[in-house]
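The structure appears right after this line, and notes come after that.
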Amino acid sequence: MNDPTTIEALQRPRILDWPADPRAVMTAWGAESLLTEEQEAIRDVLNGFARRVMRPLGQKLDRIDPGEQLAPGSPYWSFMKEFATLGISVADLMAMPEAERAVLLCIANEEFGYGDGGLAIVLGATMLPHVMMHMFGRSDLIAKYPEGVPGCWAITEPDHGTDMLDPNGAIFAPNAKYGRPNCVAKFEADRIVLQGQKAAWCSNAPAAEICVLYVAADTGNGADPRNGACIIVPLDAPGVTKGRVIAKMGQRALPQGELFFDNVELPLDNVIAGPEDYKRAVYGVHAEANTLMGAVWTGNARSAYELAWDYAHERKQGGVPIIRHQSVAQRLFHMARKIELSRALTRRVALYNATAPTPSLPSAMMAKITGTQTAFEVASDAMQIFGGNGMTDEYPIEKTFRDARLALIEDGCNEILSIKGGYGLADPERFA
């Protein structure tokens with residue numbers, strides 16, 4: 001037990017290398033220690049992009065009249081041009097090993113959310129049509145519609161917002177009926193015909209040139225919203241009309257608006273998923289989008305925290321910087337704690353869903369709800385630290401707070417997601 005050769009072989013204990021009065025300064029990314037050098041390098045590049053491009057352009061777009069948001073020379077187009085220089089493509093991402101891609105997407109979307117929540121959603125929406133083409137292995141559509149143009153996701157409807165995310169009817173009351181769909185794809189012998197509209201909340205729709213459309217299907221027995229279709233729609237097709245960019249409380253950098261379809265005819269090949277695959281298409285896009293929403297809004301929360309942390313070191317009350325006040329220090333601690341939890345959960349869910357035989361939609365919902373709730377709570381606490389200054393647009397926390405508030409509703413409002421997610425946890429053999 002006391003063999004000197006064994007003792008000499010022991011490494012120097014780590015504790016002896018600590019400072020005499022131990023103290024560790026956390027990095028901007030908290031307790032992150034598992035990234036490879038390549039992942040850290042990518043993160044640093046994207047963090048620079050978020051600070052240098054996304055944040056200032058997002059602030060400019062926040063103050064532009066919605067009618068001018070997509071005008072020539074708008075900061076929106078400057079942002080899209082700058083993003084293109086990063087060389088990020090869906091094809092490259094989808095070619096990566098699943099686990100590696102999951103981590104990278106979490107890193108990227110957290111940095112994008114850190115830069116600007118609304119512009120982060122622009123990037124997610126613009127890539128989504130090609131993500132779905134790859135998910136279903138549609139090389140013909142990938143060749144037909146190359147990357148490089150803005151895309152959008154059209155699923156929500158004026159009368160059926162979150163209902164469109166629930167083709168199984170899990171959240172419907174007993175004996176309830178869906179009612180009339182607002183948009184229908186009628187299947188004919190050699191084509192599909194689109195008729196109707198999508199709601200004003202279609203992200204990036206006013207700027208998009210291509211759309212991934214989720215819609216009720218009519219194969220001859222009337223419109224069926226629970227066995228619908230997922231369709232790639234070029235938005236320059238005859239009969240497609242875009243609505244105006246809507247005015248919103250927050251996420252003004254994200255253009256959202258209606259889409260109208262007046263007897264739009266498309267070849268059957270544009271259908272990614274017909275009625276037999278529709279539930280797969282909804283499940284797949286929802287699991288992917290909800291998970292990455294967790295990452296985006298973790299980044300937004302981190303932004304709010306850093307603004308408050310910096311301000312607390314500068315602002316003086318009672319003769320000292322307010323970081324010296326116990327209530328402020330305690331508030332900052334809990335803000336940082338929530339961000340750590342949100343990042344850890346999102347990363348865990350992303351890795352699981354990327355490698356599991358079937359992804360867990362309830363887990364993705366947990367990531368979305370946790371990330372968005374964290375963003376709202378942290379931004380609210382940051383506002384409190386800023387005091388009266390936080391309520392003016394002279395300080396960026398006011399915009400960060402408004403952006404975070406909308407995230408509780410988009411991509412499925414959190415209340416409905418939690419109900420659907422709870423039913424998703426039930427044992428179907430015991431749940432009647």
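Neither side chain, Asp44 nor Asn47, offers a donor N or O lying under 3.5 Å from an acceptor on the other. In summary, the side chains of Asp403 and Asn300 do not present any donor paired with an acceptor at a separation below 3.5 Å, with no hydrogens or angles considered. Judged purely by distance below 3.5 Å, without hydrogens or angles, the side chains of Asn168 and Tyr283 never pair a donor atom with an acceptor atom. Counted by atom type alone, Asp381 and Tyr305 present zero donor-acceptor pairs between their side chains at under 3.5 Å. For the residue pair Arg55 and Ser303, a side-chain donor N or O sits within less than 3.5 Å of a side-chain acceptor on the partner.
Salt-bridge formation is detected for the pair Arg402/Asp62: a Lys NZ or Arg NE/NH1/NH2 atom is positioned less than 4.0 Å from an Asp or Glu carboxylate oxygen. A salt bridge links Arg51 to Glu306: at least one charged side-chain nitrogen sits closer than 4.0 Å to a carboxylate oxygen. Using a cut-off of 4.0 Å between Lys/Arg side-chain N and Asp/Glu carboxylate O, Asp140 and Arg138 are scored as salt-bridged. Taking 4.0 Å as the cut-off between side-chain N and carboxylate O, Glu111 and Arg43 do not count as a salt-bridged pair.
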Please tabulate, for side-chain N and O atoms in residues 91-105, each donor-acceptor pair with protein atoms closer than 3.5 Å (sequence neighbours left out).
residue: Asp92; atom: OD2; partner: Ser89; partner atom: OG; Å: 3.1
residue: Arg101; atom: NH1; partner: Leu93; partner atom: O; Å: 3.4
residue: Arg101; atom: NH1; partner: Met94; partner atom: O; Å: 3.3
residue: Arg101; atom: NH1; partner: Met96; partner atom: O; Å: 3.2

Enumerate donor-acceptor pairs with a distance under 3.5 Å from any side-chain N or O in residues 115-122 to protein atoms, sequence neighbours excluded.
residue: Asp116; atom: OD1; partner: Gly118; partner atom: N; Å: 3.1
residue: Asp116; atom: OD1; partner: Leu119; partner atom: N; Å: 2.9
residue: Asp116; atom: OD2; partner: Lys399; partner atom: NZ; Å: 2.5

Got a list of side-chain donor-acceptor pairs under 3.5 Å for residues 254-267, not counting sequence neighbours?
residue: Gln256; atom: OE1; partner: Lys248; partner atom: NZ; Å: 2.9
residue: Gln256; atom: NE2; partner: Trp201; partner atom: O; Å: 3.2
residue: Gln256; atom: NE2; partner: Ser203; partner atom: OG; Å: 3.1
residue: Glu258; atom: OE2; partner: Gln197; partner atom: NE2; Å: 3.2
residue: Glu265; atom: OE1; partner: Arg191; partner atom: NH1; Å: 2.7
residue: Glu265; atom: OE2; partner: Arg191; partner atom: NH1; Å: 2.7

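Ile232 approaches Met133 most closely through the heavy-atom pair CD1-CE, 3.8 Å. Taking every heavy atom of both residues into account, Leu268 and Glu188 meet most closely at CD1-O, 4.1 Å. The minimum heavy-atom distance linking Glu40 with Leu35 is given by the pair CG-CB, 3.8 Å. In terms of heavy-atom proximity, Trp77 sits nearest to Ala71 at CD1-O, 3.4 Å. Nearest heavy-atom pair across Pro275 and Ala217 is CG-CB, 4.1 Å. Considering all non-hydrogen atoms of both residues, Ala364 and Thr291 come closest at CB-OG1, 3.3 Å.
Counting heavy atoms from C-beta outward, Arg52 and Leu57 have side chains that stay 4.5 Å or more apart. Residues Pro206 and Ile246 have side chains not in contact (no heavy-atom distance under 4.5 Å, counting atoms from C-beta outward). Side-chain contact between Asp159 and Pro181 is absent, with no heavy-atom pair separated by less than 4.5 Å. Gln251 has its side chain within reach of Glu410: a pair of non-hydrogen atoms, C-beta onward, lies under 4.5 Å apart. Inter-residue side-chain proximity for Phe83 and Ile88 is flagged as met; some heavy-atom pair is nearer than 4.5 Å. Looking at Cys230 and Val271, their side chains never come closer than 4.5 Å, going by heavy atoms from C-beta outward. The closest side-chain heavy-atom distance from His286 to Met365 is below 4.5 Å. Considering only heavy atoms from C-beta on, Val296 stays 4.5 Å or farther from Phe112 through its side chain.
Formation of a donor-acceptor pair under 3.5 Å by the His334 side chain with backbone atoms of Val378 is not found in this model. At least one donor-acceptor pair closer than 3.5 Å links the side chain of Thr372 to the backbone N or O of Ile369. The main-chain N or O of Tyr76 is never found under 3.5 Å from a side-chain atom of Lys60 such that the two would form a donor-acceptor pair. Checking side-chain atoms of Thr374 against main-chain N and O of Thr370 turns up a donor-acceptor pair under 3.5 Å. Listed for the Thr346 side chain is no donor-acceptor partner under 3.5 Å among the backbone atoms of Arg343. Here the side chain of Thr400 pairs a donor or acceptor atom with the backbone of Pro396 at under 3.5 angstrom. The main-chain N or O of Tyr311 is never found under 3.5 Å from a side-chain atom of Glu314 such that the two would form a donor-acceptor pair. Checking side-chain atoms of Ser418 against main-chain N and O of Glu415 turns up a donor-acceptor pair under 3.5 Å. Here the side chain of Asp218 pairs a donor or acceptor atom with the backbone of Gly222 at under 3.5 angstrom. At least one donor-acceptor pair closer than 3.5 Å links the side chain of Gln69 to the backbone N or O of Ala253.
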Criterion side-chain contact (heavy atoms from CB on, under 4.5 Å) on Leu46 and Leu86, from CA distance to verdict: CA-CA 9 Å; Leu46 297 181; Leu86 293 177; 3.9 Å; yes
Residues Arg347, Glu32; criterion salt bridge (Lys or Arg N to Asp or Glu O under 4.0 Å); working and verdict: CA-CA 11 Å; Arg347 190 78 57 82; Glu32 179 69 84; 3.1 Å; yes
Would Asn353 and Ser360 satisfy side-chain contact (heavy atoms from CB on, under 4.5 Å), going step by step from the backbone distance to the final call? CA-CA 6 Å; Asn353 281 352; Ser360 168; 3.7 Å; yes
Would you sort out whether Gln195 and Val184 count as a side-chain contact (heavy atoms from CB on, under 4.5 Å), showing the intermediate values? CA-CA 6 Å; Gln195 184 70 37; Val184 177; 5.5 Å; no
Working for side-chain contact (heavy atoms from CB on, under 4.5 Å), residues Leu213 and Lys198: CA-CA 9 Å; Leu213 174 69; Lys198 287 294 181 178; 3.5 Å; yes
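Atom CD1 in Ile322 sits 6.5 Å away from atom CD1 in Ile385 (nearest 0.5 Å). Distance CZ/Phe401 to CD/Gln384: 10.5 Å, rounded to 0.5 Å. To the nearest 0.5 Å, the span separating OG1 on Thr358 from CZ on Arg280 amounts to 9.5 Å. Glu110 CD to Leu292 CG: the interatomic distance, rounded to the nearest 0.5 Å, is 12.0 Å. Distance check, rounded to the nearest 0.5 Å: CZ of Arg337 to CG of Leu332 gives 13.0 Å. The distance from the CH2 atom of Trp297 to the CG atom of Asn109 is 11.5 Å, given to the nearest 0.5 Å.
The aromatic rings of Tyr278 and Tyr214 are tilted relative to each other, their planes meeting at an angle between 30° and 60°. Note on ring orientation: taking the six-membered ring where Trp is involved, the planes of Tyr178 and His160 are parallel (angle under 30°, cut-offs 30° and 60°).
When the shell of 6.0 Å around NZ of Lys186 is examined, it contains 12 or fewer heavy atoms from other residues, nucleotides or ligands. Sparse packing is recorded around NZ of Lys316, with 12 or fewer heavy atoms of other residues, nucleotides or ligands lying under 6.0 Å away.
Only one option out of Asn270, Val240, Ile210 pairs with Pro234 in a side-chain contact (heavy atoms from CB on, under 4.5 Å); it is Asn270.
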